[in-house]
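Structure record follows, encoded as structure tokens.
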6 protein chains.
Amino acid sequence: MQTALKDVLPDQDVPYYQSTGNEQQLFETAWQQHLPLLLKGPTGCGKTRFVSHMAAKLGVPLYTVSCHDDLTAADMTGRYLIKGGETVWVDGPLTRAVRHGGICYLDEVVEARKDVTVVLHPLTDDRRLLPLDRTGELLEAPANFMLVVSYNPGYQNLLKQLKPSTRQRFLAVEFDFPDAETEKAVIMRETGIDVERAALLVRIAGNIRKLTGIDLEEAVSTRLLVYCATLLMANVAFDDAINAAIIEPLSDDADIKSGLREAIGIIRG
Amino acid sequence: MQTALKDVLPDQDVPYYQSTGNEQQLFETAWQQHLPLLLKGPTGCGKTRFVSHMAAKLGVPLYTVSCHDDLTAADMTGRYLIKGGETVWVDGPLTRAVRHGGICYLDEVVEARKDVTVVLHPLTDDRRLLPLDRTGELLEAPANFMLVVSYNPGYQNLLKQLKPSTRQRFLAVEFDFPDAETEKAVIMRETGIDVERAALLVRIAGNIRKLTGIDLEEAVSTRLLVYCATLLMANVAFDDAINAAIIEPLSDDADIKSGLREAIGIIRG
Amino acid sequence: MQTALKDVLPDQDVPYYQSTGNEQQLFETAWQQHLPLLLKGPTGCGKTRFVSHMAAKLGVPLYTVSCHDDLTAADMTGRYLIKGGETVWVDGPLTRAVRHGGICYLDEVVEARKDVTVVLHPLTDDRRLLPLDRTGELLEAPANFMLVVSYNPGYQNLLKQLKPSTRQRFLAVEFDFPDAETEKAVIMRETGIDVERAALLVRIAGNIRKLTGIDLEEAVSTRLLVYCATLLMANVAFDDAINAAIIEPLSDDADIKSGLREAIGIIRG
Amino acid sequence: MQTALKDVLPDQDVPYYQSTGNEQQLFETAWQQHLPLLLKGPTGCGKTRFVSHMAAKLGVPLYTVSCHDDLTAADMTGRYLIKGGETVWVDGPLTRAVRHGGICYLDEVVEARKDVTVVLHPLTDDRRLLPLDRTGELLEAPANFMLVVSYNPGYQNLLKQLKPSTRQRFLAVEFDFPDAETEKAVIMRETGIDVERAALLVRIAGNIRKLTGIDLEEAVSTRLLVYCATLLMANVAFDDAINAAIIEPLSDDADIKSGLREAIGIIRG
Amino acid sequence: MQTALKDVLPDQDVPYYQSTGNEQQLFETAWQQHLPLLLKGPTGCGKTRFVSHMAAKLGVPLYTVSCHDDLTAADMTGRYLIKGGETVWVDGPLTRAVRHGGICYLDEVVEARKDVTVVLHPLTDDRRLLPLDRTGELLEAPANFMLVVSYNPGYQNLLKQLKPSTRQRFLAVEFDFPDAETEKAVIMRETGIDVERAALLVRIAGNIRKLTGIDLEEAVSTRLLVYCATLLMANVAFDDAINAAIIEPLSDDADIKSGLREAIGIIRG
Amino acid sequence: MQTALKDVLPDQDVPYYQSTGNEQQLFETAWQQHLPLLLKGPTGCGKTRFVSHMAAKLGVPLYTVSCHDDLTAADMTGRYLIKGGETVWVDGPLTRAVRHGGICYLDEVVEARKDVTVVLHPLTDDRRLLPLDRTGELLEAPANFMLVVSYNPGYQNLLKQLKPSTRQRFLAVEFDFPDAETEKAVIMRETGIDVERAALLVRIAGNIRKLTGIDLEEAVSTRLLVYCATLLMANVAFDDAINAAIIEPLSDDADIKSGLREAIGIIRG
């Protein structure tokens, strides 16, 4: 059940990804031209899946880092650990990607602490350097290194924004939910559900997404539709499945929840 | 009086749990489909008991973590400790559950620090991975691993909420207090009290729960009713038992407390 | 002058405690039924003395922890210390009480950091467990373990409150100052002062306590009356004793202090 | 130039202290009765000198701790230090006073962190204990131990106050500046200045002190008068001495400073 | 791929830099007169490139530090690290520059923590000293040491400003975007694009820059124009290139983005 | 390039300092009488130079500490460091000055953390002690020790002020910019510039200083005038020199900068 980190990802098959625009061409151009890439879009719209797909297609390892409030530069670059009485340097995921090649993907990069962005700056200059002050090394990124970051513009706040001096170092692509046909295909492929119920779930999602920003902090994701179809395939009753996979994950507010139930009832007819 | 952590829980009998809806079917479906589960509901309504019950029924160890302001990712995944001059890695409860199988239950997950949620993300993706940067391991969760989290929507605040990008990774079930018949049965079973006094306590609880949100921050729990019945069975006078097990635990405000006493007097007739 | 921590307390005589209600019956019932207990009441009203009294009467050691802003879970449970080149685990007071039996008393529990409350949760469940993640132990509290906590509802604030999910795990008793007869007896017993002057001090205290919440943050405690009687017995002049033991400890405000002096002059006649 | 901490103070002569009320009797009674003492009063009014005087008179060492924002309980009680490869426990000043006898004086105690007050609580109970969790010791204070604390009620704020539960553990004495005759004698004794100029300085101070709270945060201290007399004795011109020792130390505001200069000019006539 | 830090930079060719005023003369005078220099200007206007150019031209190593919220004095001066059981001192970039000569460049210096500025003060005095308290050394900067700092006055805030006592220690130069001819030449030189499209991109940038401060936090940089030209040279469609390299990196706001697209459409004609 | 800290300063010549009042007499009296000294005044008015001058004149080493937000008592007094497997105590600059004699100068003392002031208190009492709790030493300052602190009253804020209890321990002197003749002499002496241009720079400074507090946070310092003269002597054009050495270091605001340029143009005539 345990495998070495750097080997695990390129060994696998290319994960399924349904393209929705020119994002593949842009990714490939960025890859060839050694430019860093920024993906913007809502939760669960497929940004992570897209990066996995591209990494597998290009045959390079993928180092994913989910950013958070306490993520520091050292978590990215590495640190000295004491092992068996010896002090050994352990590369962080960014350093591993720079040293051995591969894509380093920082998910929700705006959540990371400020010193992380600074580590990224010299990597996004034309010389693509990663200075490791602690080891005294100055690594130059190889041709098969690429930096990808993402965030969700929907719930940024003033305290957590990418500074313009950082943003302007990236090519940027905006993502959105897949169109109805694509989303239906994804649900059927992932759960084996029939086309009628898949279409119904996509219609329900379309209606809920129109409410986002008014009552709901964020729209229902394709992932939740897949959860819902999974419950239906396990013989959970339709209302129970909708409740557990869509209504309850979206809100704690009794009024909003009954509003959602009503709206879904109308769609079912 | 000391037993190894990982063995203690599955050895025991299945703890008593009175079902109140379809929560058992949903839990079992989530278990079979390898989906993470979110339990929402007020204090003392039985969420923790429910998880213990399901773990024992499924015959798997349960790793419970009560989350709080200072709980970090390292508390969940593990850390290096110096023991007898040697640096040894000690798994945290989440890593133990992933490495050896079992249910990991994070109670009041919104209280944890932000880096904890990030550890949960790759475990709720379809590949169910737990990367341990410090040891260089990438653990894949076995089939008999399940992640369950809970929180109380009643006193969430703006600073402490599950981000939509986290919530939408879970199936969710809402809990409430048991209905009167169920609650009466629980009290009698736990304390041996007679049906009349059990029914009286449940009626009192029903009336107090209607006041919640107006004067009381939270409703009286089944646990407090059990405490009260315990005192009565130990020959504590009725008013003293109500006072020590219900009134004083609910409020410090003299007006609210005398209002509660008055309301209870009316119920007793 | 140095004695081992765990032995010192049960060896001594039962400290004098003048009962003021049913608190002894409730404490004993909680002890027998293995329920945790919460004591509420103002400074210096005798909560700590009551717990000492009960511990000595029950013949079990008492582990008192005065809680504060910087008290963490590790201060309660223990930590690894480096001694003579060896890393040794040193139990904290809570762990000592759980491992060897006894009463663990957390004074002003609302002052402690949030992670402390979490340590208390599994100890207040019916299985009464204390998990020590750092040592990998799961301690089960013996029959002669009891958890007692206290706080002063008079100066709680919004940032420092016991969460309902914690409060509802305790039986609760409210304390107040002793009645005049009891208080007079206490002062005479502790200082050897005559009944007239003891009665005068109690009358003075009664009048000052009526002002609490208006001008004074908190009422004069029995302890201060004992201090005052001690000074009188050491031949300090009456006004000087009142000043040093009552007026100055209660307030820094010149107006309030002269108001108190005037009120006391009237009582003396 | 280096002497052992615990020996230095009792060896010296009793420092000069001019009594201003019954503070010596109260100190001695508190010493005999083993009661802790709280000194309240403005900067530079002689609190520290008073404690030095009493310590020398009683022939016991004095351990002074100037409290501040970052002073923790460990700074008071002690900590483990690594010396020459060995971990050795080093007593803090409070522990030294408890272990070997003496007066421990906490100057400006309200400035200390909250955990310090908690260390003081068991020492102010009738059993006078100092528990050292780190070493596992429970020290009982000897008969010749006394705890003295001080603060300046003039610039307390809401965030930094002694909690009533702490204040009510101390006998309290209020200090103020010495009367004119006493102050004149002090200045002459410390600097050898003639009676006329000493009297003039005291008159100036008296006038400035009436302004305190209106324009000046705090009144001129006896210490500054001594500084001023020292400059005069070193042949600094009168205006320059007043400026350097009184005006500039009291304020940065040009208007206040010229107001003070004018007022002093009138007094000089 | 790994080279020693101090050698890497002077080995390379002089990076291309198109002068826009008297900044080269000022830099050289500052270098000869041993005066520190402050560069002010917006993101991506060429400050960093300018410093690289001057360092290479002067034939001295360049030590660049990107400042951030968590950058401390020790990150600049160095620290003790434990390597192979030995404690060794590792110079930080500032110390390396002072010890061996070279230019130390602090990019976005206002982001650094306050203790960093203090380290700079003695280096900007006429004796140019760097005291290293930890090692007990007092380094005197050699003739070929120079300190350069920069910041962007466009988004300073009240909490993050260079104190006047720091600012007044530097000669200062203001930078702005290059004029149209210069910028066109830069784009053509870096990407090989034809003059027509380069001119169009510069016209687009000129129009967008007029909007800065109204709708856009910061203007489009020359870097983004180069990215855009790179995409065009890789056969990405014009609209897609403008979108990925200019529109999306500048804003997340749908209205602003469509306004920008409209404005660009008009320019293209 | 490396010299031992304690020897470097007294070896040098006495730095040039142009007296502006009775500050030298006051410093010398404070030195003879063992009184601590506080220097108040704006940035760049010569406080630091004055202290260097006096230290050299008195033939004692000078230990300068630039205070900042993160400066702690340990930075002043010293700490244990691990060197070559041994734990050794390393004196901080204050301890070095107390142990070996000399002047310890804390520049911008209000910036330091609160625990620093506390270290200063016993050194400003008449016994002049420095207790080192970590080493168990109690150092008595020798006759040739003096404590000097400074701050700029111009930009103190409420959070960062010297407490009255600290201020009243110092003699205080206020500094201001030198008068026109003195300043002209300084500029000519430092740069060799002719009297006409020196006089012009001083006239410009005089006019700008009248604006301080209205538009400018702080006035132009003598240091900047010296920088400007240095540029002129290096053949930088007058407008460029004024811009780089005066206008840009003083402000980022375009309106203020053009106002300054206009005002300077009028002065030049």
Side-chain angles (χ1 to χ4, degrees), chain A residues 1-5 8-9 12 42-44 48 52 64-71 75 78-79 81-85 90-93 107-108 111 152 154-155 190 216-221 223-224 226-228 230-231 233-237 240-241 243-245 247-250 252-253 257, chain B residues 21-23 25-26 28-30 32-35 37-38 40 72-73 80 82 85-87 89 98-99 113-122 124-127 129 131-142 151 153-154 156 161-174:
Chain A
M1 223 159 293
Q2 179 190 333
T3 45
L5 268 181
V8 67
L9 286 160
Q12 67 187 34
T43 295
T48 301
S52 304
T64 299
V65 180
S66 298
C67 298
H68 56 81
D69 280 24
D70 299 318
L71 191 93
D75 293 321
R79 46 169 59 89
L81 292 179
I82 301 168
K83 287 192 176 171
V90 177
D91 280 346
D107 192 16
E108 303 203 30
E111 300 288 328
N152 180 348
Y155 54 91
E190 299 265 327
L216 287 172
E217 199 181 349
E218 198 165 17
V220 60
S221 63
R223 183 200 308 261
L224 286 183
V226 170
Y227 279 13
C228 191
T230 304
L231 291 185
M233 293 301 283
N235 294 319
V236 173
D240 289 351
N243 215 42
I247 311 282
E248 293 291 351
L250 284 180
D252 294 332
D253 185 289
K257 292 197 289 190
Chain B
N22 71 337
E23 73 271 22
Q25 186 200 8
L26 271 169
E28 278 163 16
T29 308
Q32 286 151 14
Q33 302 295 329
H34 304 155
L35 299 180
L37 189 64
L38 162 64
K40 307 196 285 189
T72 63
Y80 283 104
I82 301 167
E86 276 297 295
T87 309
W89 172 262
V98 171
R99 213 186 278 280
R113 292 176 69 95
K114 294 291 171 56
D115 59 342
V116 168
T117 357
V118 161
V119 166
L120 303 180
H121 278 201
T124 56
D125 282 335
D126 50 344
R127 296 216 34 234
L129 300 172
L132 298 175
D133 276 356
R134 298 297 176 98
T135 65
E137 292 174 277
L138 180 68
L139 301 180
E140 217 178 306
Y151 69 85
Q156 282 205 77
Q161 285 187 326
L162 230 40
K163 288 190 299 182
S165 64
T166 303
R167 282 176 71 125
Q168 296 210 10
R169 293 165 173 278
F170 291 85
L171 284 181
V173 188
E174 188 171 37

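Atom set for the values below is all heavy atoms of this structure, side chains included, hydrogens, waters and symmetry mates excluded. Here is how names work: the chains are called A, B, and so on, in the same order as the sequence lines, proteins then strands, and each is numbered from 1.
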Exercise. Which heavy atom in Gln25(B) sits nearest to a heavy atom in Asn235(A), and how many Å separate them?
Worked result: NE2-O, 3.7 Å
Exercise. Using non-hydrogen atoms only, which part of Pro93(A) is less than 4.5 Å away from chain B: side chain, backbone, both, or neither?
Worked result: side chain
For this session: Using non-hydrogen atoms and a 4.5 Å limit, figure out which bit of Cys228(A) sits close to chain B: side chain, backbone, both or neither.
Result: neither
Problem set entry | chain A contact via Leu38(B) - side chain, backbone, both or neither, heavy atoms under 4.5 Å |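 Interface part for Leu38(B): neither.
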Exercise. Does the side chain of Lys257(A) come within less than 4.5 Å of Glu174(B)'s, by heavy atoms?
Worked result: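 Counting from C-beta outward, Glu174(B) and Lys257(A) do come under 4.5 Å.
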Problem set entry | Beyond-backbone contact of Arg223(A) with Asp125(B), side-chain heavy atoms, under 4.5 angstrom |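 A side-chain contact under 4.5 Å exists here.
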Problem set entry | Max heavy-atom pair count under 4.5 Å with chain A, selected residue of Val173(B), Val119(B), Asn22(B) |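 Heavy-atom pairs under 4.5 Å are most numerous for Asn22(B).
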Problem set entry | Test side-chain contact (heavy atoms from CB on, under 4.5 Å) applied to Arg167(B) and Leu250(A), Asp252(A), Leu224(A), the passing residue | Asp252(A)
For this session: Using atom types as modelled and distance alone, determine if a side-chain donor or acceptor of Tyr227(A) lies under 3.5 Å from a backbone N or O of Leu35(B).
Result: no
Exercise. Judged by atom type as modelled, is there a donor-acceptor pair below 3.5 Å linking the side chain of Gln168(B) to the main-chain atoms of Ser221(A)?
Worked result: yes
Going from [atom1] on [X] to [atom2] on [Y], what distance comes out if it is rounded to the nearest 0.5 angstrom?
| X | Y | atom1 | atom2 | result |
| --- | --- | --- | --- | --- |
| Asp240(A) | Glu23(B) | CG | CD | 11.0 Å |
| Arg127(B) | Ser52(A) | CZ | OG | 8.5 Å |
| His34(B) | Thr230(A) | NE2 | OG1 | 12.0 Å |

